[in-house]
Novice: 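Okay, here's the structure, questions in a sec.
The figures here come from the full heavy-atom set of this structure, side chains too, leaving out hydrogens, waters and symmetry mates.
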Amino acid sequence: MQCPVCKDVQLVMSERQGIEIDYCPQCRGVWLDRGELDKIIERSAQEVARMAPQSAPYQPGTAHGHKPYRKKSFWEELFD
């Protein structure tokens, strides 16, 4: 499929966490098929719900009791 913006560039298909996305390597536009945005939103909501009840206990050597390591979000993993 051709990029709707660039017209002469072929879209590249990539699978991220079971969701197929089409993107343009030139303009970096992302196009989703029917239902794929719903899957992304659903998985994002599940991750937020999974992470919400956790509260990090204070650890010496960290700022304000936060862990020094930050886990990548679903969105970062999807579009890296």
Novice: Stepwise, does the side chain to side chain contact (heavy atoms under 4.5 Å, CB included) test hold for Leu32 with Ile21?
Specialist: CA-CA 6 Å; Leu32 303 171; Ile21 60 170; 3.4 Å; yes
Novice: Starting at NZ of Lys7, measure out to SG of Cys27 and round the result to the nearest 0.5 Å.
Specialist: 10.5 Å
Novice: If you take all heavy atoms of Glu20 and Met13, which pair is closest and at what distance?
Specialist: OE1-SD, 3.5 Å
Novice: One pair to check against side chain to side chain contact (heavy atoms under 4.5 Å, CB included): Gln2 and Gln10. What are the steps and the verdict?
Specialist: CA-CA 5 Å; Gln2 301 296 100; Gln10 188 73 20; 2.4 Å; yes
Novice: Honestly curious: do Ile19 and Ile41 fall in one hydrophobic cluster under the side-chain, below-4.5 Å linking rule?
Specialist: yes
Novice: Can Val5 and Trp31 be said to form a side chain to side chain contact (heavy atoms under 4.5 Å, CB included), step by step?
Specialist: CA-CA 11 Å; Val5 175; Trp31 286 267; 4.0 Å; yes
Novice: I'd like to know if the side chain of Glu36 reaches the main chain of Asp33, judged simply by a donor and an acceptor atom lying under 3.5 Å from each other, with no hydrogens or angles considered.
Specialist: yes
